[in-house]
Amino acid sequence: MPSRPAVTLDSTAYCETGTMADGQRTHVGAAAADGYAFGTRLLITSGPEAGSVVVIEDRSAPGATDLDIWMPSCAAAIDYGRRVIKVEPY
């Protein structure tokens, strides 16, 4: 199977805890996005998080960025800010 190219996305981070759209509790490695099916695994290939894998388990708020990554602390989410990253299916 041919590999799919990396895609450039706008990303942010969130720290709210609770139940995600797929019914699971928030946890490290979870991400929210509207353009991917639940369970889609994405490898981050650029920036400080390069090498990390996130799984789409939540949906973004209306008007949100392409990818919203869950972080265990609000300080970490604020520090993350808004970034343009590259991801590829994993």
Side-chain angles (χ1 to χ4, degrees):
M1 178 185 305
S3 65
R4 292 166 56 179
V7 176
T8 301
L9 300 175
D10 289 327
S11 69
T12 56
Y14 69 110
C15 59
E16 294 175 359
T17 58
T19 304
M20 297 182 289
D22 73 348
Q24 294 187 60
R25 299 282 300 167
T26 51
H27 60 88
V28 173
D34 291 333
Y36 294 92
F38 287 142
T40 300
R41 296 168 55 90
L42 299 173
L43 172 66
I44 299 172
T45 61
S46 67
E49 290 74 32
S52 299
V53 175
V54 296
V55 181
I56 304 304
E57 299 181 270
D58 206 359
R59 292 295 178 221
S60 300
T65 58
D66 295 329
L67 185 68
D68 203 6
I69 302 167
W70 189 82
M71 299 204 168
S73 79
C74 291
I78 290 167
D79 186 53
Y80 185 91
R82 178 180 294 270
R83 298 179 184 186
V84 175
I85 61 172
K86 288 188 179 182
V87 300
E88 60 187 44
Y90 184 77

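Nearest approach of A33 to Y36, heavy atoms of both residues: CB-CD1, 3.9 Å. Between K86 and A6 the shortest heavy-atom distance is CB-CB, 4.2 Å. Heavy-atom minimum distance, I69 versus Y80: CD1-OH, 3.6 Å.
V55 and I44 fall into different hydrophobic clusters, where Ile, Leu, Val, Met, Phe, Trp and Tyr side chains are chained together by heavy-atom contacts under 4.5 Å. Neither W70 nor I56 shares a network with the other; the hydrophobic side chains, linked directly or stepwise wherever heavy atoms of I, L, V, M, F, W or Y lie under 4.5 Å apart, form separate groups for each.
A search for side-chain contact (heavy atoms from CB on, under 4.5 Å) contacts involving D58 returns Y14, M20, A21, A32, not counting sequence neighbours. With sequence neighbours excluded, no residue forms a side chain to side chain donor-acceptor pair (under 3.5 Å) with T45.
Results of the side-chain contact (heavy atoms from CB on, under 4.5 Å) test with S11 over E49, R82, R83 single out R83 as the only residue that passes.
Applying the side-chain hydrogen bond (donor to acceptor under 3.5 Å, both in side chains) definition to pairs two or more places apart or across chains, those involving residues 21-33 are D22-Q24, Q24-E57, H27-E57.
Looking at L43 and V87, their side chains never come closer than 4.5 Å, going by heavy atoms from C-beta outward.
Side-chain contact of T12 with D68: a donor-acceptor pair under 3.5 Å is present, judged by distance alone.
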Stepwise side-chain contact (heavy atoms from CB on, under 4.5 Å) check, L42 with V53:
CA-CA 6 Å; L42 299 173; V53 175; over 6 Å; no
Can D66 and V7 be said to form a side-chain contact (heavy atoms from CB on, under 4.5 Å), step by step?
CA-CA 11 Å; D66 295 329; V7 176; over 6 Å; no
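With D10 contributing its side chain and V84 its backbone, the two residues share no donor-acceptor pair below 3.5 Å.
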